[in-house]
Amino acid sequence: MIKAVRGTRDLLPPETALWNHVESVVRDVFRAYNFQEIRTPIFEKTELFARGVGEETDIVSKEMYTFSDPMPAILLKRYQSPESGAQSVRETVLLSDLLEVQQQSLTLRPENTAGVVRAYIEHKLEARGLNKLYYIGPQFRRERPQKGRYRQFYQIGAEVIGPATSGSESPARDAELLEMLATLLDRLGIKDWNLQLNSVGSSSDRVRYNDALRKALEPVKDKMCGDCQRRAVTNPLRVLDCKVPEDQPIIETLPRIFDYLDDASKKHFEEVKAILESVGVPFEINHRLVRGLDYYTRTAFEFTHGALGAQNAILGGGRYDGLAELLGSPQPAPGIGFAIGEDRLVMALQESAGDVQQKPDVYIAPLGAGMNREAAKLARELRGSSIVAELGDETFRLKKSFETADKIGARFILIVGENEVKAETFALKNLKSGEQVSVPRGQLGQRIHL
Ligand code: HAM
């Protein structure tokens, strides 16, 4: 038996109904804030993530699904037929060319921000007024699978990008995005979310902060876990992510990034907080929230949820002023965005609401030879008036039809026999109450909708 690959999974009904519900609510909310959908390719050139997300991050250094893709040089050769002398163009790959096959390195996207910013630059979306974009789709990271952590997972994300003149750098954008997220989670019925907020400053602020951390870690790092000892040298910021209990008291004594922010970043952060307070979105400042991707500047945030266990971040995001230039944009295009882990969001919903079971309204049971066509006609009529109908088969005995209707949770069973067809009146049984009534054809829809 061939099973699904470790870290991937099949999403099955009835859970898929919950996924569809989530996606339809988020699309409505995104619409209200004037976001439009973008779909970028599942794989991109490796360089995009290496440059965008950062070579030193866990994602790029050890979690990417990267493969090399040969690009044989295809030559268009003018070919002259020896018999007719006619000329045609032929596609040929010559053996000699195969020796020069170029390899390109491609990667399954581990996240979607770099792809969206690439598309924004490539298609000059700014000129078309497209600077608020959202996406829903699979991402891939070779992480150690556990509850809430998969190798293929799904993100629902949104990005606001644009030249500074469009207001994309304003703290109002940060606050609006966070307010939208609070609205989204509330509308989905996710209770007890917690917004963790921080500012990671400009890239030069972070260089100064990294230096300070490195200095502060020097005398204490030997008392810390192996990972922290390594990070203290290579990437001190990552020490703040450490979850090892014994290291926590040491980490608490380390310098805080806020004290290394320049005045402009401090002011920006104050304004984000002030707007959030004015719209009534609660948040907590988390000095240790530095996020695992290199492109972040200033505002960084995560929404966590208690029911999720160790992988408790439902979503994460932040500002990334400078990313567009890094990816080749001729003009600066500051931006901010987030990605929700859809797998985790659905899990949180299941904790609070359970599955949304999707059941048919009616099971149509054709009874006896020749009744499939009559039942098909009826099914078409009913489905036309938005009734969810499941169709049986004329070879089934009545008992089997009842059993099937019961198993799939249909509310009604509709019997389609020769007599009913002649009389244009059908037996409709409510499977919950047991009540059975004869209903004229024209009133069936109304009766089932009740
Ligand atoms: P991220 O924090 O790497 O950010 O991922 C965002 C969310 O995706 C996480 O909070 C989590 O819910 C979910 N997630 C990440 N990895 C996994 C996994 N292996 N299994 C299940 N869920 C996972 C980003 O990806 C940024 N691109 C977000 C962003 C958008 N920043 C600015 N714009």
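In listed order, ligands and their atoms are each counted from 1. As a basis for the values below, the full set of heavy atoms in this structure was taken, side chains included, without hydrogen atoms, waters or symmetry mates.
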Residue list, salt bridge (charged side-chain N to carboxylate O under 4.0 Å, His left out) with Arg187, at least two apart or on another chain
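With sequence neighbours excluded, Arg187 shows a salt bridge (charged side-chain N to carboxylate O under 4.0 Å, His left out) to no residue whatsoever.
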What pairs with Glu55 under salt bridge (charged side-chain N to carboxylate O under 4.0 Å, His left out), at least two apart in sequence or on another chain?
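So Glu55 forms no salt bridge (charged side-chain N to carboxylate O under 4.0 Å, His left out) with any residue.
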Does ligand 1 have any atom sitting under 4.0 Å from a heavy atom of [X]?
{"X": "Gly318", "answer": "yes"}
{"X": "Gly148", "answer": "yes"}
{"X": "Glu342", "answer": "no"}
{"X": "Tyr154", "answer": "no"}

Numbered atoms and elements of ligand 1 in range of [X], under 4.0 angstrom, heavy atoms:
{"X": "Glu143", "answer": "16 (N), 17 (C), 18 (C), 19 (N)"}
{"X": "Tyr320", "answer": "32 (C), 33 (N)"}
{"X": "Glu159", "answer": "30 (C), 32 (C), 33 (N)"}
{"X": "Gly317", "answer": "31 (N)"}

Test: Glu44 and Arg109 ion pair at under 4.0 Å:
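Arg109 and Glu44: not salt-bridged.
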Short N-O contact, Glu218 and Lys215, less than 4.0 angstrom
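No, no charged N to carboxylate O under 4.0 Å.
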Return the orientation label for the Trp193 and Phe303 ring planes: parallel under 30°, perpendicular over 60°, tilted otherwise.
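Tilted, since the angle between the ring planes falls between 30° and 60°.
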If the plane angle is over 60° it's perpendicular, under 30° parallel, otherwise tilted; pick one for Tyr295 and Tyr320.
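Perpendicular, since the angle between the ring planes exceeds 60°.
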